[in-house]
Number of protein chains: 2
Amino acid sequence: MEITQETDYAVRCVLYLSSIGPEQTVRIEEIAAEMQIPRSFLAKILQKLTQADIVRSYRGVKGGFRLSRPPKEITLLQVVEAVEGPVAMNRCTREGSLCDFKKTCVVHPVWRRLRTIVETYMKDITFEKLKKERRQEAMAQNILTVRRKKT
Amino acid sequence: MEITQETDYAVRCVLYLSSIGPEQTVRIEEIAAEMQIPRSFLAKILQKLTQADIVRSYRGVKGGFRLSRPPKEITLLQVVEAVEGPVAMNRCTREGSLCDFKKTCVVHPVWRRLRTIVETYMKDITFEKLKKERRQEAMAQNILTVRRKKT
DNA sequence: ATAATACGAGACTAATTTTATCCTGTTTAG
DNA sequence: CTAAACAGGATAAAATTAGTCTCGTATTAT
């Protein structure tokens, strides 16, 4: 019942790209440094995000990554699914075929419903929202810093 | 974002015990056979359930297991937590200390909220509810069987 | 053109977690 | 006292997660 480290990295990565102007590109190197993600692992994650059309990649000298659409149109669910695949709580509810209890299992519907709940929640969290909160956090930090300097 | 096989076994195990009279005890052997769970693995799971005071164990000749309270008072959350530990979506939100982004991370609250949502849902699912549905399923199956016999 | 830069893809490795199994010890009914 | 049944710890196999490396391909500045 846990998201993986990889997913956490992916979310932070997209969050970082959300704070970048839509015209700029950012190199893996920079994202890795800023978000403290192992460089080569991040490269893999960005491949998945590219394939899911969440980010777009540009090769060559001035290359790098940027979001393929505005943060408003990118949800947490999309990012999670891009790296983890479909959010099924339970193997049975995904593979279906392999469960011997098939029709009579009363637990399946419970897991399926939980899945829907989780999906609904994550679908509602856009990176626009996260970005805004992030800016507010930064400002709050700033105020604190200024105050500290005054004293 | 998945429950483990172990959790699934645990849930099915408690579900089976819910269908047993509160005076009876059931041997590991029987549960394993009925619910198709590897015997020795189930033994381990039952240890955890015992330690979480969800089931009670009885040693010796007429020994076995039974629920330590009525199914109405056992929730899905309790069983899940008994085998998996606290339901934290994200390592940071559990270990806290190790995350470098601490205060400024806007994703943490999202995972925490999701956790609360999942917990709330699972807290509402009691084994009394599951048991009832199970009986209904069984009856439905029965009707179908009878019909089939008639033809 | 070509050299330097930056991502793409796949193979590979290491670490961790999950999924078990087994053995020895303890409890208990008869 | 003995056979039945769980308790607990050590161990092992399998699967998943996390991360690395190398070589290839595209792009741009010169």
* Asked: Rounded to whole angstroms, how far apart are CD on A/Gln47 and P on D/dT20?
  -> 15 Å
* Asked: Do any pairs count as a salt bridge (charged side-chain N to carboxylate O under 4.0 Å, His left out) and have a residue in residues 61-71 of chain B, sequence neighbours left out, and if so which ones?
  -> none
* Asked: Can you check the B/Ile45 CD1 to D/dG8 P distance for me, whole Å?
  -> 15 Å
* Asked: Of all residues at least two apart in sequence or in a different chain, which pass the side chain to side chain contact (heavy atoms under 4.5 Å, CB included) check with B/Thr120?
  -> B/Thr116
* Please determine if a side-chain N or O atom of B/Ser57 lies less than 4.0 Å away from the OP1 or OP2 oxygen of D/dA7. => yes
* Residues forming a side chain to side chain donor-acceptor pair (under 3.5 Å) with A/Lys72, sequence neighbours excluded -> none
* To do: Grab the CZ-P distance between B/Arg39 and C/dC22 for me, whole Å please.
  => 11 Å
* Given A/Thr7, which of A/Glu2, A/Glu81, A/Glu84 fulfils the side-chain hydrogen bond (donor to acceptor under 3.5 Å, both in side chains) condition? -> A/Glu84
* Contacts of type side chain to side chain donor-acceptor pair (under 3.5 Å), residue A/Gln47, not counting sequence neighbours -> none
* Take the protein atom CZ of A/Phe41 and the nucleotide atom C1' of C/dA9, then report the distance between them rounded to whole Å. => 16 Å
Can you list, pair by pair, the side-chain donor-acceptor contacts under 3.5 Å of residues 32-39 of chain A, counting residues two or more places apart and other chains?
from    : atom 1 : to      : atom 2 : distance (Å)
A/Arg39 : NH1    : A/Glu29 : OE1    : 2.9

* Kindly point out which of D/dG19, C/dT21, C/dC7 is positioned nearest to the side chain of A/Tyr9? => D/dG19
* Mind calculating the distance between CG (A/Leu46) and P (D/dA18) to the nearest angstrom? => 16 Å
All N/O donor-acceptor pairs, side-chain side in residues 14-22 of chain A, below 3.5 Å, sequence neighbours left out:
from    : atom 1 : to      : atom 2 : distance (Å)
A/Tyr16 : OH     : A/Glu30 : OE2    : 2.6
A/Ser18 : OG     : A/Val14 : O      : 2.8
A/Ser19 : OG     : A/Tyr16 : O      : 2.6

* Go through the structure and list residues passing side chain to side chain donor-acceptor pair (under 3.5 Å) with A/Thr50, not counting sequence neighbours. => none
Anything under 3.5 Å between a protein N or O and an N or O of nucleotides 11-17 of chain D, put it in a table, one pair a line.
none

* To do: Could I get the full list of ring-ring contact (aromatic ring centres under 6.0 Å, His included) partners for B/Tyr121, not counting sequence neighbours?
  => none
* Whole Å only: how far is the CD atom of B/Gln51 from the P atom of D/dG9? -> 9 Å
* Could you please spell out the steps behind the side-chain contact (heavy atoms from CB on, under 4.5 Å) verdict for B/Leu46 and B/Ile31? => CA-CA 10 Å; B/Leu46 278 162; B/Ile31 307 173; 4.2 Å; yes
* Whole Å only: how far is the CD1 atom of B/Ile37 from the C1' atom of C/dA20? -> 13 Å
* Structure fact -> Protein-proximity profile, nucleotides 21-30 of chain D, B/S/- by nucleotide at the 4.0 Å heavy-atom cutoff, equals ---BBBBB--
* Going by number, which of residues 18-29 of chain A have a non-hydrogen atom under 4.0 Å from DNA chain D? -> none
* To do: Round to the nearest Å and state the distance from B/Arg66 atom CZ to D/dA5 atom P.
  => 15 Å
* Asked: Under 6.0 Å between ring centres, would you say that holds for B/Phe41 and B/Tyr9?
  -> yes
* Asked: Using Watson-Crick and G-U wobble pairs whose two distances are both under 3.5 Å, how do you write the pairing of DNA chain D as dot-bracket, with | for links to another strand?
  -> ||||||||||||||||||||||||||||||
